[in-house]
Protein chains: 2
Amino acid sequence: MTSTKMSSHTSPAGSDTPPLPTSIASQQHDHTHCITSAMTSAQDICARNGARLTKLREQVLRLIWQSHKPLGAYPLMDMLAAESTRRVAPPTVYRALEFLLEQGLIHRINTLNAYVGCTHPNGDHANNFLICEHCGVAIEFSATALQDRINESAADFGFSIRSQSIELVGSCEHCEATDHE
Amino acid sequence: MTSTKMSSHTSPAGSDTPPLPTSIASQQHDHTHCITSAMTSAQDICARNGARLTKLREQVLRLIWQSHKPLGAYPLMDMLAAESTRRVAPPTVYRALEFLLEQGLIHRINTLNAYVGCTHPNGDHANNFLICEHCGVAIEFSATALQDRINESAADFGFSIRSQSIELVGSCEHCEATDHE
DNA sequence: AAAGTTTATGTTATTATATAACATATTTAT
DNA sequence: ATAAATATGTTATATAATAACATAAACTTT
Ligand SMILES: [Zn+2]
Ligand SMILES: [Zn+2]
Ligand SMILES: [Zn+2]
Ligand SMILES: [Zn+2]
């Protein structure tokens with residue numbers, strides 16, 4: 001386990017997502033820490049769940065965690081093929097992805113058909129994302145006030161939610177500041 | 001056909017989506033009205049935008065409006081092929097879909113790779129959906145309080161939203177009441 | 001009305017994403 | 001060691017979407 005302290009980045013006001021520094025969007029953070037932290041969490045969670053984090057699954061998770069940009073299954077396949085000598089076929093990667101999704105270690109970004117590491121795999125899985133069109137980064141966030149309104153809307157219709165996907169597409173702080181036109 | 005009157009379904013408390021009765025999920029409504037209303041709106045909107053609602057595009061819109069269940073591009077293709085004698089290829093349907101999306105007459109449901117008619121094509125396009133896993137119906141809704149929290153969350157991260165996709169998957173009121181196990 | 005221009009549709013091929021079905025290997029339990 | 005369960009390999013196929021180019025229809029200009 002790496003040091004447990006999650007650094008002192010202040011969370012944006014109103015957000016419930018304290019461990020994730022805003023600056024991941026601007027790449028100004030210790031990403032090595034993101035990776036080691038994610039891998040350690042993964043081991044813990046799988047152990048707790050009696051699930052087997054095999055070599056392949058760990059490798060896939062690590063590759064996904066190479067960045068905060070959601071990674072497609074086929075690019076991921078190529079990366080796997082590049083790392084090992086043997087050929088890698090779609091079912092291999094999709095089964096690993098399925099496992100990681102089940103364990104709550106990754107999320108699928110529906111607007112991109114791509115997969116990204118979960119930044120708070122221990123807590124709740126609100127599955128809310130800010131997706132930057134310019135740099136490709138997906139920032140996971142959760143906010144109680146937002147979730148309350150979501151639940152309220154569903155309740156208004158007598159609808160009972162099993163899973164939710166909130167994807168806000170636009171420009172992150174860094175890319176908005178930078179000239180991207 | 002059933003009576004034309006839209007009935008006096010009260011909107012759920014807190015919702016901003018008054019014209020759409022909750023009961024569309026339970027099929028207890030005058031769907032013919034949904035269709036004619038959607039087609040008329042489409043003509044108005046296209047006229048206003050100087051866009052051409054061609055025969056093909058109108059046909060596609062009508063087919064999508066056959067129900068409140070999001071319709072995939074390929075099933076739609078088959079329906080088109082069934083209606084005319086000639087063969088219909090993917091680009092034909094995708095171009096029509098693209099046009100209808102641009103005009104705000106339909107929405108794409110990302111979790112289903114499918115398309116559904118917009119139930120309030122004149123107003124804002126919050127693009128929020130309740131999607132029933134059992135009956136397949138997608139209910140579009142908007143709620144100011146929810147949108148405020150969305151905007152707030154984005155603002156907290158300095159993120160500027162260009163488009164958003166909120167898809168809540170679960171069970172609609174009707175299906176929840178019914179035994180579906 | 002004729003010619004030119006734009007817009008829409010037809011057509012063929014290909015790319016991108018994901019799963020089915022079955023075989024082999026590895027791990028766990030008996 | 002044997003059996004059962006789980007994971008991975010392999011081949012083929014399903015599903016979703018786009019690229020590139022040809023034809024047709026609709027508007028514009030003369
Ligand atoms: Zn990082
Ligand atoms: Zn960015
Ligand atoms: Zn209807
Ligand atoms: Zn239902």
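So that the names make sense, note that chain A is the first sequence line, chain B the second, and so on, each numbered from 1. Keep in mind that what you see is a predicted model, and the values were worked out from it rather than measured.
Rounded to a whole Å, the CD atom of Glu58(B) is 16 Å from the C1' atom of dA8(C). The distance from atom CG of Leu76(A) to atom C1' of dA16(C) is 15 Å, rounded to the nearest whole Å. As rounded to whole Å, 15 Å separates atom P of dT7(C) from atom CG of Asn49(B). What separates CG of Asp78(A) from C1' of dA16(C) is a distance of 12 Å, to the nearest Å. One can place CG of Leu71(A) at 15 Å from P of dA16(C), the figure rounded to the nearest angstrom.
Sorted by first and then second residue, the pairs that involve residues 70-83 of chain B and meet side-chain hydrogen bond (donor to acceptor under 3.5 Å, both in side chains), not counting sequence neighbours, are Gln59(B)-Glu83(B).
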Per-nt protein contacts along nucleotides 4-19 of chain D (heavy atom under 4.0 Å; B base, S backbone sugar-phosphate only, - none) come out as --SSBBBB----BBBB

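For Glu102(A), there are no side-chain hydrogen bond (donor to acceptor under 3.5 Å, both in side chains) partners, not counting sequence neighbours. Applying the side chain to side chain contact (heavy atoms under 4.5 Å, CB included) test to Ser67(B) and every residue at least two apart in sequence or in another chain returns Lys69(B). Applying the ring pair (Phe, Tyr, Trp, His ring centres under 6.0 Å) criterion to Phe129(A), with sequence neighbours excluded, gives His107(A). Evaluation of the side-chain hydrogen bond (donor to acceptor under 3.5 Å, both in side chains) rule for Gln103(A) yields Asn49(A) as partners, not counting sequence neighbours.
Between His174(B) and His134(B), the distance separating the two ring centers is not shorter than 6.0 angstrom.
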